Amino acid sequence: MKKALCAFAMSAALASMAAVAQPVDKLPTSNLPPIEISVFTVNTNFPIPPEDNRAYKLIKEKLGVTFKWDIAVGEADQKIGVMIAGQDYPDLLHINSPKFIDAGAVIPLEDLIEKYAPNLKKHYQSNPVTWAKMHEKDGHVYTLLDYGVPENGVVDTEYYGPAMFIQKAIMKEAGFPKITTIDEYFDLIAKYKAKHPTTKDGKPTIGFSILTYDWHKFDLCNPPPFLAGYPNDGDGIVDPNTGKYRIQYYGPEAKRWYKLLNDLNQKGLVDRESFTDNYDQYMAKLANGQILGVHDQYWQFQDASKALVAQNRVWETMMPLPIVFDKSIKPHWRDQTLPNLQRGYGISVNAKDPVRIIKFLDAQFDPAWYKIMQWGVEGIDYGYDKAGQPTQTKEQAARWDDVAWKLHNLAELWWAEAPKYEGHFTKGGLAATLRNNPDLYLSSLHPEDQQILKAYGAYSYSDLMDHNPPVNPPWYPAWQIVPADGSPEKLAFTKAQDTYAKDLPKVILAKPADFEKEWAAYVDDLKKTNVSLFEAYIQAGLDDRMAKYGKLK
Amino acid sequence: MPSAVLRKSPGFWKSLMTQRQLLWMSLPIVLYVILFTYVPLAGWTMAFQDFKPAKGFASLWVGVKWFKYLFSDELFTMVMRNTLAMSFINLVFGFAFAIGLAITLNEVKAKRLKRFAQTISYLPHFLSWVVVAGLVSTMLASDGVFNIVLGWLGLAKEPKLWLGEPKAFWWIVGFTNVWKEVGWNTIIYLAAMSAIDPALYEAAEIDGCGRLSKIRNITLPGIKPTIIVLLIMNLGWIMESGFEIQYLLRNGMNADYSQSIDIYVVNYGMRQGNYSLATAGGMFKSVVNILLLLTANWVSGKLGEEKLV
């Protein structure tokens with residue numbers, strides 16, 4: 001099997017080199033001295049690329065850069081803690097929390113960008129608020145944001161954000177009704193579960209599951225604000241009129257949600273085991289098609305959907321719905337793209353030649369290179385039609401969907417966290433992500449999805465969630481304000497999180513007569529954690545942002 | 001013995017010379033111990049600082065701030081209780097089951113059966129905790145084997161989420177440890193038993209001793225020194241209730257009973273970048289362990305039993 005794979009990859013690579021020297025020759029090159037860049041990443045979606053990978057070979061040939069990868073497997077935070085304790089850093093660090101910045105592990109980038117990186121300068125500075133927000137408290141920029149800085153208009157197709165998800169089969173069986181409220185949502189699930197107590201292979205169906213394992217536990221506390229029509233502000237709710245922040249764990253909307261779950265548990269619709277399951281067990285249930293409804297963010301369980309699609313069981317995958325408590329509430333699940341602050345590569349203090357590295361980062365930020373890394377090679381992996389739109393033959397499309405092929409031909413591990421084009425290369429031009437171009441997007445949809453989207457008159461699942469999400473206030477979102485590690489605010493916050501993880505299952509599983517008692521005990525425990533310290537910290541951060549970037553809407 | 005007293009002792013340098021091969025052989029081990037267990041002790045200074053990696057050991061000195069924090073934190077009291085409880089259960093179960101199994105195996109006359117049973121019982125020792133935790137959580141799930149058997153026996157009306165029962169957690173850990181380690185722990189007792197002079201058993205038989213009284217009067221006293229040495233050594237681990245199993249089986253519902261000191265150190269120390277707190281927690285644990293070890297050793301010596309040092 002391995003041999004066959006190798007042979008296949010090699011022949012593919014050879015074919016690519018021989019057949020079209022043409023487009024590859026036109027790639028922008030650099031005559032700087034060759035360099036090996038060591039990279040630490042917490043992105044575990046892609047394995048370390050093999051030696052014969054086409055895209056990395058081209059990068060080495062034309063830009064003189066080879067990568068040495070260090071992927072954090074297992075507990076990333078722990079690995080980062082150990083790295084910081086030993087001050088043992090590679091050249092590039094994938095920043096995904098304030099840890100590296102607080103530890104002084106990365107160098108300021110604003111001067112390097114100004115002097116050596118015209119492309120990145122244009123990319124990050126075209127929106128002054130984004131550029132201002134990229135500055136940390138000490139006035140320096142440390143992170144080259146990986147996502148959320150789109151050029152020339154956003155394209156959203158697949159929806160990766162939070163939603164109430166429901167199995168597609170349920171909507172099909174009900175005749176694709178337009179539902180908006182949580183009662184309608186659970187009604188559909190209850191009816192379907194009564195009719196289908198088991199999946200096709202005999203496993204029991206589960207009404208509503210909740211991922212509660214370790215840091216994934218935010219799914220336990222996130223639904224109430226969304227159901228009440230607030231956008232994603234992390235662990236709290238900002239009053240749109242007064243700008244006041246409060247933690248979302250125990251407000252009136254929270255109580256309403258947990259009361260509802262308590263009722264549903266009595267009806268046997270809540271997955272009791274989800275309170276003891278780990279992440280793998282949760283994913284297994286989804287990949288078996290057992291779970292009928294769930295609140296989650298799609299990126300967190302997309303692999304389970306992929307597994308079902310691979311078995312041709314698309315109807316058992318999930319679709320997102322913008323559900324709210326009642327009809328009077330306007331949903332705000334989907335928000336406009338945000339700069340992904342404190343996420344992306346930073347250059348470490350141990351890097352020997354930061355100038356060379358920033359020059360490479362700037363050089364790779366070029367549509368031609370982005371295509372090599374994300375699309376493939378023109379003429380081999382895609383072509384253009386007369387209108388200039390990218391196309392793929394059936395064969396090309398099938399190959400492009402093959403994970404093994406991607407591993408040998410594209411540079412996914414690198415571009416996933418690198419500064420990159422999102423949106424469009426030019427105004428009104430091609431979408432930067434290959435499959436976001438309309439023709440390819442529509443032909444890449446499964447027939448089942450085409451049927452669903454047609455029934456709802458939506459272009460994509462993002463479109464279904466919200467055709468036109470409201471403009472973000474300049475201070476939004478509160479979740480970008482994070483207290484420093486080891487600070488009393490952070491400690492109080494961690495304790496509050498541990499408290500809801502501990503008490504909410506009791507509240508949900510309590511006998512209806514005991515609900516009020518358990519709820520009061522939970523609120524009591526929460527208050528003991530000093531979570532108000534955390535609230536005050538976020539409030540101060542918000543006030544600061546409102547003063548800098550403007551108030552409210 | 002007077003002749004031994006009269007013999008002139010060979011002198012330090014002379015015995016050093018005669019034992020030089022042994023010294024060379026032990027040198028790497030000594031270096032290893034110094035390098036990996038004594039040198040890192042310098043890091044304990046972090047417990048008395050507000051340690052920031054960017055500043056290194058030039059960080060701000062704060063005295064016993066972190067120890068004060070630990071002892072005033074309700075959570076720390078709780079994790080200490082859990083650690084001690086689980087450790088105690090492990091200690092008692094570990095000794096009782098291992099000695100029991102060793103004696104039973106020793107009494108088995110069919111050699112093949114004995115070897116077979118021994119091999120089976122120590123195989124789980126080689127499984128990683130991740131695998132064991134997976135087995136345990138599957139068995140304890142509401143549709144797992146444990147609930148099914150309870151149902152058959154009519155002991156439970158409806159399946160229970162055992163991992164969601166806080167008070168069951170210590171016992172789950174205790175019995176899992178027994179299952180995993182009992183066979184392995186018997187090896188040393190079986191070795192001790194094989195050193196007992198068979199003539200003693202023959203003599204006892206002639207005196208009319210039955211099986212049980214042979215066990216009580218010959219086997220147990222025969223392995224007593226081994227038991228005591230192991231007990232002293234294990235007391236030095238009393239603050240270590242294990243880390244992996246709790247880490248892998250804990251969840252929100254059993255958090256009050258599943259968090260051990262090690263998990264506390266990881267969650268509130270390492271993960272929060274609060275290295276001073278992590279060091280203080282670890283240091284407290286080591287100091288208690290050493291004190292217990294020395295005390296047990298001293299008591300054992302006073303009682304005229306085996307000593308470790």
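None of these values were measured; they are calculated from a predicted model. Letters A, B, ... mirror the listed sequences (proteins, then strands); counts begin at 1.
- Of the possible polar contacts, none joining the A:Asp235 side chain to the A:Gln248 backbone as a donor-acceptor pair under 3.5 Å is found.
- At a 4.5 Å heavy-atom cutoff, B:Asp50 makes no contact with chain A through either its backbone or its side chain.
- The interface of residues 270-291 of chain A with chain B, defined by heavy-atom distances below 4.5 Å, comprises A:Arg272, A:Glu273, A:Phe275, A:Thr276, A:Gln281.
- Residue contact with chain B, scored on non-hydrogen atoms closer than 4.5 Å, involves the backbone and the side chain of A:Lys490 alike.
- Your options are B:Thr138, B:Asn254, B:Asp73, and the one with the most heavy-atom pairs under 4.5 Å with chain A is B:Asp73.
- Remark: B:Lys180 qualifies as a cation-pi partner of B:Trp129 under the 6.0 Å distance and 45° angle criteria applied to the six-membered ring.
- Remark: aromatic rings of B:Phe71 and B:Phe284 are close, center separation under 6.0 Å.
- Of all heavy-atom pairs between B:Asp262 and B:Gly242, the closest is OD2-O, 4.0 Å.
- Taking the six-membered ring where the residue is Trp, the centroids of A:Trp519 and A:Tyr250 are separated by 6.0 Å or more.
- B:Lys157 has its side chain out of reach of B:Leu150: every pair of non-hydrogen atoms, C-beta onward, lies at least 4.5 Å apart.
- Geometrically, B:Arg271 does not engage B:Tyr268 in a cation-pi contact, judged by NZ or CZ lying under 6.0 Å from the ring centre and within 45° of the ring axis.
- Taking 4.0 Å as the cut-off between side-chain N and carboxylate O, A:Asp498 and A:Lys495 do not count as a salt-bridged pair.
- Atom CG of residue A:Asp525 and atom OH of residue A:Tyr522 lie 9.5 Å apart, to the nearest 0.5 angstrom.
- The most heavy-atom pairs under 4.5 Å with chain A, out of B:Asp256, B:Leu277, B:Leu248, come from B:Asp256.
- Using a 4.5 Å cut-off between heavy atoms, A:Thr494 touches chain B through backbone and side chain atoms alike.
- Put simply, of A:Leu504, A:Leu491, A:Thr212, A:Leu220, the one with the most heavy-atom pairs under 4.5 Å next to chain B is A:Leu491.
- Contact of B:Leu140 with chain A is not made at all, since no heavy-atom distance falls under 4.5 Å.
- Interface residue A:Leu509: only side-chain heavy atoms are found under 4.5 Å from chain B.
- Residues satisfying the ring-ring contact (aromatic ring centres under 6.0 Å, His included) test with B:Trp170, not counting sequence neighbours, are B:Tyr257.
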